[in-house]
Amino acid sequence: MDLLNAIVALTNFVIVPAVSYGSQLALGALGVTLIYGILRFSNFAHGDTMAFGAMVTILFTWWFQGMGLTLGPLPTALLALPFGIAVTALLLIGTDRVVYRFYREQKAKPVILVIVSLGVMFIMNGIVRFIIGPDDQQFADGARFIVSARDFKEWSGLDEGLAIKTSQGLTVITTIIAVALLFWFLNRTRTGKSMRAYSDNEDLALLSGINPERVVMYTWLIVAALTTVAGVLYGLDKSFKPFTYFQLLLPIFASAIVGGLGSPLGAIAGGFVIAFSEVTITYAWKKVLGYLLPDALEPSGLVQLLSTDYKFAVSFVILLIVLLFRPTGLFRGKSV
Amino acid sequence: MSGNPYQDDRGNKDASITKRHGVGEIPYRKGGKATPAAKGEAFLIGDTMTGGYGTGPDILHECTIAVNPGEIAVIVGPNGAGKSTAMKAVFGMLDVRSGHVLLDGEDITALSPQDRVIKGMGFVPQTNNIFTSLTVEENLEMGAFIRRDDFRGTMAQVYDLFPILKEKRNQAAGELSGGQRQQVAVGRALMTRPKVLMLDEPTAGVSPIVMDELFDRIIEVARTGIPILMVEQNARQALEIADKGYVLVQGRNAFTGTGKELLEDPEVRKSFLGG
Ligand SMILES: Nc1ncnc2c1ncn2[C@@H]1O[C@H](COP(=O)(O)OP(=O)(O)OP(=O)(O)O)[C@@H](O)[C@H]1O
Ligand SMILES: [Mg+2]
């Protein structure tokens with residue numbers, strides 16, 4: 001019984017949150033890795049693009065809610081998501097036209113694009129705050145839980161409850177669909193292959209008749225979808241606050257680098273590595289250990305390795321370890 | 001390079017924020033239109049081309065190269081003579097400051113490289129001429145990118161020409177040997193069914209046997225009627241199969257003639273063929 005309770009507690013407080021957080025990081029890291037792989041720079045505006053996509057989706061969600069349009073048990077945000085993606089795509093392609101394209105025509109070195117993306121980040125940051133403000137926003141509706149702790153306790157007769165939020169279930173399902181679609185697109189379609197070809201050898205792609213501007217446009221479109229989905233899922237799961245998206249940049253970059261920059265599979269693995277490390281290291285293990293250890297050994301403290309305030313340090317440390325011992329990341333990406 | 005401040009990375013080597021692999025060097029060109037020109041004597045001709053890289057000095061000086069259907073034209077010359085530069089100039093990868101490029105009765109001097117691909121020109125560069133992370137088959141598919149029809153027939157032809165590629169079709173092209181890579185490179189260019197094929201040292205780094213093999217294949221391709229313009233280090237062998245030969249020295253046409261003429265020319269023999 002104690003063992004079961006321990007497992008349930010572990011699942012409830014570590015595994016479920018880490019899986020959904022990991023999925024969100026994976027989606028974010030996929031976008032970063034795509035831009036790195038195809039456009040050849042690290043996009044510092046990624047977190048704020050996520051915030052922008054989530055913001056647009058929230059505005060549409062509020063509008064739909066105002067009209068009484070809902071999806072029943074599912075959050076209305078799901079209905080607003082395609083609109084959020086469309087507007088974000090417009091923003092990204094507009095930004096590319098106005099900003100990045102100039103540097104492409106100059107054949108600017110990628111490091112210059114990194115700094116340019118920093119500028120874009122500040123602008124997007126400003127736009128989001130200007131439109132929706134810096135505060136927390138609520139936009140989740142529909143059923144809150146797929147499995148609630150009380151129902152689970154009644155059903156299982158255990159002391160420990162297991163809760164799975166709708167947003168968590170949605171996050172995982174959406175991520176699986178998005179990743180499957182992306183992999184199919186990159187590996188099976190003509191356009192996807194041309195993007196990989198451009199990523200591999202720009203000049204030869206040109207000599208094969210692949211239009212670089214097309215490749216760039218498709219990249220931004222995919223990135224718009226990935227960032228908006230990731231931003232909305234994160235917002236549904238936690239809450240929407242522009243600043244948290246900026247902060248997400250660190251774990252997202254850590255995920256992409258840990259997995260191996262430029263490798264989509266690596267981005268996903270990296271997302272889960274970072275998420276699980278962050279959650280397990282900042283989790284107070286007292287409860288789980290209390291079930292597992294004999295009474296005499298029961299810990300008196302919280303058995304929390306690191307306060308949640310320091311969770312971003314975890315990303316940093318893992319990043320360091322990977323860079324020291326496996327500079328190409330877990331999945332042979334580009335050596336860093 | 002050439003004083004463009006955007007191309008100065010100030011010594012950045014940090015691959016965690018930038019990816020250097022596969023960065024393009026072909027300068028961006030807006031690309032103009034092809035204009036009809038008087039039907040010249042050759043199918044493809046780079047006519048008295050003068051030009052260089054970016055804003056740098058002229059590398060080519062009134063250099064002329066031409067090729068006709070069914071012919072193999074070979075460009076030879078010492079290292080740094082401007083052979084690759086001449087090929088790039090014909091393909092629109094650098095500014096031709098004076099002179100013209102004519103293809104099939106059209107002046108294509110203003111066209112961007114990608115538009116020349118659509119016009120039917122195929123080019124195998126001297127270096128980085130395959131997609132290393134793509135499979136052999138995907139390399140060929142990318143060669144056929146501009147084609148919207150069914151290209152399986154062409155792929156079968158390429159596999160017939162280079163049987164080893166069929167065997168390795170699902171292997172990443174970067175995992176092949178040097179000679180096999182050259183076959184992928186030529187195969188990729190053939191996939192467009194080009195009207196003219198330009199090869200920059202297709203036999204670089206290839207063993208003598210494979211080289212002979214590759215030359216045989218090139219002759220086979222030429223027999224199908226595709227004009228081939230080729231740069232070669234192995235001057236003697238290349239001139240033996242050449243209908244037309246150009247010896248380039250310091251960006252200028254030093255000698256021009258049929259392959260046989262050049263092989264027999266005492267001057268050419270002395271300075272380029274080693275006696
Ligand atoms: N990208 C470039 N930018 C500036 N100068 C270049 C560039 N590429 C080549 N050059 C210069 O142009 C000249 C001719 O080079 P090119 O590559 O055409 O020689 P090549 O005849 O092909 O020689 P090789 O037999 O070694 O291939 C050289 O002096 C070289 O320094
Ligand atoms: Mg050369």
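Only this structure's heavy atoms are used, side chains among them; waters, hydrogens and symmetry mates stay out. Note that the structure is predicted; figures quoted are calculated from it, not measured. A, B, ... follow the sequence lines: proteins, then strands. Residue 1 opens every chain.
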As an exercise, state the distance from [atom1] of [X] to [atom2] of [Y], rounded to the nearest 0.5 Å.
{"X": "Phe145(B)", "Y": "Asn211(A)", "atom1": "CZ", "atom2": "CG", "result": "8.0 Å"}
{"X": "Tyr36(A)", "Y": "Thr18(B)", "atom1": "OH", "atom2": "OG1", "result": "6.0 Å"}
{"X": "Asn139(B)", "Y": "Lys193(A)", "atom1": "CG", "atom2": "NZ", "result": "11.0 Å"}
{"X": "Asn12(B)", "Y": "Ile112(A)", "atom1": "CG", "atom2": "CD1", "result": "10.0 Å"}
{"X": "Gln106(A)", "Y": "Tyr28(B)", "atom1": "CD", "atom2": "OH", "result": "10.5 Å"}
{"X": "Met142(B)", "Y": "Ser194(A)", "atom1": "CE", "atom2": "OG", "result": "6.0 Å"}

Sub-6.0 Å ring centroid separation between Tyr6(B) and Phe102(A): yes

Does [Y] offer a backbone N or O that forms a donor-acceptor pair with the side chain of [X] under 3.5 Å?
{"X": "Asp203(A)", "Y": "Glu25(B)", "value": "yes"}
{"X": "Asn201(A)", "Y": "Asn128(B)", "value": "yes"}
{"X": "Ser42(A)", "Y": "Ser16(B)", "value": "yes"}

What I want to check is whether the side chains of Ser199(A) and Lys19(B) have a donor and an acceptor closer together than 3.5 Å. yes

Scan side-chain atoms only and decide if Asp200(A) and Thr132(B) contain a donor-acceptor pair under the 3.5 Å cut-off. yes

Distance under 6.0 Å and angle within 45° of the ring axis: does Arg196(A) meet both against Phe131(B)? no

Please test Lys107(A) against Gln7(B) for side-chain contact (heavy atoms from CB on, under 4.5 Å), starting from the C-alpha separation and ending with a verdict. CA-CA 7 Å; Lys107(A) 289 264 151 193; Gln7(B) 286 169 3; 3.2 Å; yes

For each of Arg20(B), Gln114(B), Arg10(B), Met191(B), tally heavy-atom pairs with chain A at distances under 4.5 Å, and name the one with the top tally. Gln114(B)

